Structures are given as structure tokens and as C-alpha cells.
Amino acid sequence: MIDLDIKIYDTLSQKKQFLNKNRVSIYLCGITPYEDSHIGHSRTIIVFDVLRRYLESQNVEVKIVQNFTDVDDKIIQRSIDENSSIYEVSNRFIKHYHRDFDLLNVKHAHMYPKATDHINDIINFITQLINKNVAYITKHGVYFSILKFNEYGKLSKKNIDKLLFGTRVSVDYKKSTPYDFALWKFVTTPPIWNSPWGKGRPGWHIECSVMSSKYLQPNFEIHGGGRDLIFPHHENEIAQYESCMNTPLAKIWMHVGVIKINNTKMSKSLNNVIFLHAILEKYDPNIIRLFCISTHYSKPINYNTNSFEEAKIKWDKIKLCYYELLSEQNFNDCADVKIDKLIHDYDRKFHDSLNNNFNTVLALSSFLSLVKQLNFYLNENSLTKYDVTESLSTFQKFFKIFGFKIPITTYDAKNLINSLIKKRKILREHKKYYEADQVRQQLENMNISLLDYQNRTVWMKK
RNA sequence: GGUGAGAUGGCAGAAUGGUUAUGCGUGGGCCUGCAAAGCCUAUUUAUAAGGGUUCAAUUCCCUUUCUCACCUCCA
């Protein structure tokens, strides 16, 4: 029996914290839908998808809320450029988001709240902040006063005094201190909403505090997002929420490392953004998933042209072993049962790795070791039927947790394939190679390719 | 300048106070109608440099060098 004792590193306390064993609620900062998603987004989303799948496999009840920031300068700019509305822009890219991530076999979040659907909640929240005297009104908008929240900087480990010396932010006469941030901006051009303080639109950070507290219990388990959100976004979320509610927003702040391109930051200005749809045209979604979990989630990934090729090789290895097991017909039922010990060892390593701050890399390597052993036994033809059945079910569990998808082959299809392979085998034994190749072609037309080994033939679905 | 994270074999990338990570690549072998792959085996002093603690350090501590991230919107 495997004990579920999952620890996740918390950015705030800088320690690993235990997760609740029964119920885990996650608020994940989603995307701003002003353009297509890139591989950086996919990493964060996939990491949390695998985490969710893993927890669910351990009978933990998971709830994920993932927002869409559908009002933002970039969306507005795009809508102006296109002479359309922010809703047209955001709806289009939300559609694209789902198109891409459905292909990646990412489970849907339980909710996808949008900022524009929560304007009233946002206004109410800001009102409370004003009443608590931590926000103030200027002629440009409503601002949060970071000096009123004396723990400001605790997440990103920033010292406010030093921060205020910073030269990166120009001192703005509108605000009390340069790092005060807008809760509500007064504007006269659409999109605008009425508020008690004047027409305008919400600031960037307020929606997440509002929606996470609306849909999840106080001090929910995990608040997640990319590393680059730590400051200022998550820092500000904490400030807003905690100065209003006097209770911690989330128990664990979990941050996923960024993807770099040739050791530099991926950014629009450098023109090196790699869009997900472009990768999806070239690579199997399983390969993209494998790429994303092949480095520990907390570390940056340095992407280069080989990255996906390497993930592809790894995936092919796993897939091949799966099909070898599926193709196996010559069971050696005189042999000892080997699989129980193998699976037992693998299971322990696999769970230990994931339980210890979600080390997918180590979990993956334990699976690859299992694959290696199975390949060895397959090659010497020493697996029993029980071994093969158990191995296949281990593969399926593994696929389910990591979200890998393999086309299903029906029972009837399998029978047909096996009978054709048998037919071809006899033809080959009689050196009727032309006819044998015709059978192979017939299978090829069914999208089945064959691999002849010393003592067996393996089929594989393309 | 501040804060944080790093520096592991040819490459990617884990872990660890004492034991082979794993994958790729490379050499050799087996197998082989074709095709493709697989299996076996070998492979390099692998832990940035210097010092300290210790019976023992790649792992802990100190110093140095270097890299990256955040400090402006960013997953």
C-alpha cells in the first residue's frame, strides 16, 4: 500500500508543504487571450494537468479554477488594431486556447472564470479595500497602497525600502509610492464600466484575488502559475486579499519555471516566441507533454532545436514497448512470473518521486527503467501471459497520469491484425516474399506498420 | 544595485553525507528476404575553482569565478 504523502515546494515559506489527502483546490493563473498560446503556456498548463491527474489517481478530489484575463491593454490594443471589440478578440483566442490544449489532451478546468463577468465582484472588493483604508482614489483611478500592507514583498522576498530606491520604475506623481498599483483605472474609451468612483475598468491584479476567493475556500491548497508571475502579480494578489480578509489566500504558492530559447528569454521583441499550434503541426501531442515533464517543473527549460527530437526518441521508445506487449502472442507460461517484483519496485520509485515535490523527471526515469527490463524479457521471450497483462495495465495507468494518448485498437481489429500477421508469417516461411509484402501493405493501409524481430512480429498503429 | 535560482560525463537532465540515475550520442557484437527496429556489451577522471567541517562531500559551511531569472506586461 502506498502512502499518499505529497509535498510541494511553497514559494512563500520556501519549504515543502504537505498537501491535503482528500481534497485539493487549485487556482491557476491562466492566459490573457490576445494571441495564440506558446510553449511557455503549455508547460505551465501541462504541469498542472499532470499534477491534477496524479492526485486524482490517488483518489484526491481536485478542483481547478483557471481564469481568463479578458480585459487588458494588449487585448484592447488588438481590438483597436482590428477595429473590433475586446470580446471578439478574447473569444477568438479563448477558442484557440481550447483548440490547442484539447489536442494536448489537457483536462478541462472545473471553471474558467473571466474578468469581464466579475466586474460587480471586483467593484465590491475594491469598495472593501477603500473602506479598510488600504486603497485610495486619485483623479486617475483607485490605487492600492503597498505601505498599508506591511507584509508587502513577502512572496517575492523584496524589501520595500530597497524597492523604492529602484530606478526601473519611473516615479509617477499620481501615486503615493511608485509601486502602488491600480485597482481601477478611470478611462473614457471602451471598454468601460460604471463604478462608485467613476467610469473605467479594473486593474490587472484584482480579478485573480476576486475570482479565487469567490470560487474557492479561504486558504485553498495551491495557487499556481508561471515563475514570472511572482512579482508583481502574485505579490499584489496577496496584498489585496490578505489586507481585506485577514487570512492567507492560499496554502502553497507553486511556480513553474519559464522556457528559454537558446538560453535567452522568449519574448515578442526578440521575435523568438514559439507558438503551440506550430509545434502541434510537427509533433505528436504526447511528445510535447513529454518535453514539458522532462525537466523538474521548478527549473527553467532551455529550449533548442533538439529538444523535441529528444522527447520524440523517448516517446517512441515507450510507445514501441507498449505495442510490443500488445503484439505479444508467444507467452512463455513455463517461465517464472517476473512482473510483480518489477512493478512493485517501479511503483515505489514512481510514487516517491512524484510525492517529493512532484519530480516528474525521476518518475519518468523509473518508468524507462521498467521499459528497459521489459524489452529485455520480450527479447528473450520469457514473459508469461500474466506478465504481459500486468505490464499493459501498468502502461495504461502511467499513460493516464501523464496524459499520454494512444489510439485504441478494438478487440476485433486486434484479431484481424493478428490473423494477417500469422498469414504473413507462413508466407515468409515459404519464402513467398511478394505475397508477404502484399499482406504487409494491406496492414499498412489500415495504418498498421510491422516490425520483424528475431522470433516475433510487432505491429504498431501509426 | 537588490532578491532568488543555478554551475553534474560528448549532449539533455535527476539524485544523494559513503552504493549504476535515466535518456540520447559514440564503439563493438547479436539478429536480419526487404523495411525498420530491438537486444547485448563497452564508453569518458561527470559533479565550476579554492579552502573548511567530517571516518567519508558532488551533497553541509566559507570565499572566488561564471550563468540565468525577477525587480516594466509576460505562463
Side-chain angles (χ1 to χ4, degrees), chain A residues 11 14 28-32 34 37-48 66 69 72-74 153 156-159 161-170 178-179 204 224-233 235 255-260 263-269 273 290-291 294-296 298-302 304 306-307 309-318 320-321 323-324 349 353 356 359-372 375-380 427-429 431-434 436-437 440 444 449-458 460:
Chain A
T11 308
Q14 296 175 291
L28 179 59
C29 282
I31 59 155
T32 302
Y34 71 100
S37 299
H38 53 65
I39 56 169
H41 296 122
S42 71
R43 183 183 186 194
T44 304
I45 302 295
I46 286 169
V47 163
F48 279 93
Q66 182 186 330
T69 305
D72 164 88
D73 286 352
K74 282 178 182 148
S156 56
K157 319 297 171 204
K158 293 193 187 307
N159 179 315
D161 295 334
K162 284 179 180 157
L163 204 56
L164 293 176
F165 277 115
T167 52
R168 300 284 294 270
V169 173
S170 58
Y179 280 92
W204 283 319
R227 273 211 107 68
D228 45 359
L229 291 183
I230 295 173
F231 190 90
H233 184 60
E235 191 70 60
H255 292 104
V256 179
V258 296
I259 292 184
K260 295 185 291 177
N263 220 28
T264 54
K265 186 174 152 173
M266 185 166 67
S267 78
K268 274 192 111 178
S269 53
V273 175
L290 195 55
F291 165 78
S294 289
T295 303
H296 191 265
S298 66
K299 291 199 173 177
I301 296 181
N302 186 25
N304 60 51
N306 283 329
S307 301
E309 288 302 325
E310 282 171 20
K312 182 181 185 309
I313 290 168
K314 243 182 236 180
W315 171 246
D316 287 346
K317 203 181 176 73
I318 292 168
L320 178 65
C321 185
Y323 276 107
E324 290 203 29
K349 280 187 207 156
S353 307
N356 186 10
N359 194 329
T360 52
V361 190
L362 207 50
L364 187 61
S365 85
S366 69
F367 189 77
L368 287 168
S369 300
L370 176 69
V371 167
K372 192 177 178 166
N375 280 337
F376 176 79
Y377 290 137
L378 282 161
N379 201 56
E380 66 171 27
L427 289 168
R428 290 176 72 214
E429 279 164 3
K431 298 200 186 318
K432 294 185 173 172
Y433 295 123
Y434 177 77
D437 287 349
R440 179 158 63 188
E444 200 72 28
S449 24
L450 299 184
L451 311 160
D452 292 327
Y453 291 171
Q454 197 170 356
N455 46 10
R456 65 214 157 96
T457 295
V458 171
M460 192 190 272

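None of the values given here were measured: they were computed from a predicted structure.
As judged by a 4.0 angstrom heavy-atom cut-off over every strand, A/His255 is placed among residues making no nucleic acid contact. When heavy atoms are screened at a 4.0 angstrom cut-off, A/Tyr433 is found touching base atoms of the nucleic acid. Residue contacts for A/Gly225: at a heavy-atom cut-off of 4.0 Å it reaches the sugar-phosphate backbone alone, with no base atom in range. Counting any heavy atom pair closer than 4.0 Å across all strands shown, A/Asp437 reaches a base atom. Across all strands, A/Ser307 comes closer than 4.0 Å to no nucleic acid atom at all (heavy-atom distances). Using a 4.0 Å heavy-atom distance criterion, A/Leu320 is classed as a sugar-phosphate-only contact. Within the 4.0 angstrom heavy-atom criterion, no nucleotide atom of any strand lies near A/Gly224. Residue A/Leu450 is in base contact, counting any heavy-atom pair closer than 4.0 Å across all strands shown. Using a 4.0 Å heavy-atom criterion, one finds that A/Val258 contacts the bases of the nucleic acid, with or without backbone contacts as well. Residue contacts shown for A/Arg227 are absent, as no nucleic acid heavy atom lies under 4.0 Å away. Within the 4.0 angstrom heavy-atom criterion, no nucleotide atom of any strand lies near A/Ile230. A/Lys74 comes within 4.0 angstrom of a nucleotide base, judged by non-hydrogen atoms across all strands. The residue A/Arg43 sits apart from the nucleic acid: no heavy atom pair falls under 4.0 Å.
Within the 4.0 Å cut-off from OP1 or OP2 of B/G38, not a single side-chain nitrogen or oxygen of A/Asn379 is found. Proximity of A/Asn359 to the phosphate of B/A15: a side-chain N or O atom is located under 4.0 Å from OP1 or OP2. Close to B/A69, at under 4.0 Å from its OP1 or OP2, lies no side-chain N or O of A/Lys299. Residue A/Lys265 has a polar side-chain atom (N or O) positioned under 4.0 Å from OP1 or OP2 of B/C70. Considering only side-chain N and O atoms, A/Tyr179 lies under 4.0 angstrom from the phosphate OP1 or OP2 of B/U72.
With a 4.5 Å cut-off on side-chain heavy atoms, A/Leu378 and A/Asn375 count as touching. Side-chain contact between A/Lys312 and A/Glu309 is present, with heavy atoms from C-beta onward closer than 4.5 Å. Side-chain contact check for A/Leu451 versus A/Leu320: some heavy-atom pair is nearer than 4.5 Å. A 4.5 Å side-chain heavy-atom check between A/Tyr453 and A/Glu324 finds at least one atom pair inside the cut-off. Here the side chains of A/Thr44 and A/Leu28 are in contact, with some heavy-atom distance below 4.5 Å.
When distances are taken from the side chain of A/Leu362 to each of B/G13, B/A15, B/A75, the shortest belongs to B/A15. Listed nucleotides B/A37, B/A35, B/C24 differ in distance to A/Asp452; the shortest reach to its side chain belongs to B/A35. Of the candidate nucleotides B/G23, B/G13, B/C74, B/C74 has the atom lying nearest to any side-chain atom of A/Leu229. Across B/A35, B/A12, B/A75, the shortest atom-to-atom separation from the side chain of A/Arg440 is found for B/A35. Of all nucleotides listed (B/C39, B/A36, B/A75), B/C39 comes nearest to the side chain of A/Asn375. Across B/A75, B/C70, B/U22, the shortest atom-to-atom separation from the side chain of A/Ser369 is found for B/U22. Taking every side-chain heavy atom of A/Leu451 into account, B/A36 is the closest of B/C34, B/A36, B/C74.
With a cut-off of 3.5 Å on both Watson-Crick or G-U wobble distances, the partner of B/G38 is given as B/C30. Remark: B/U54 base-pairs with no nucleotide in the shown strands. Criterion, Watson-Crick or G-U wobble with two distances under 3.5 Å. Taking a pair to require two hydrogen-bonding distances under 3.5 Å in either a Watson-Crick or a G-U wobble arrangement, B/A15 remains unpaired. In this structure, B/C70 forms a base pair with B/G2, meeting either the Watson-Crick or the G-U wobble geometry with both donor-acceptor distances under 3.5 Å. In this entry B/U63 has B/A49 as its Watson-Crick or G-U wobble partner, both defining distances falling under 3.5 Å. B/U43 and B/G25 make up a base pair, with Watson-Crick or G-U wobble contacts both under 3.5 Å.
Taking atom NZ of A/Lys158 as the reference point, atom P of B/G1 lies 16 Å away to the nearest angstrom. Regarding A/Trp315, its CH2 atom lies at a distance of 20 Å from the C1' atom of B/A12, rounded to whole Å. Across the protein-nucleic acid pair, A/Phe376 atom CZ and B/C30 atom P stand 18 Å apart, rounded to whole Å. Atom pair A/Ile301:CD1 and B/A12:P shows a separation of 13 Å (rounding to whole Å applied).
Taking atom P in both B/U72 and B/C62, the straight-line distance is 29 Å, to the nearest Å. Between the C1' atoms of B/G17 and B/U58, the separation comes to 10 Å (whole Å).
Here the rule is side-chain contact (heavy atoms from CB on, under 4.5 Å) with A/Ile259, and of A/Arg43, A/Lys265, A/His41 only A/Arg43 fits it.
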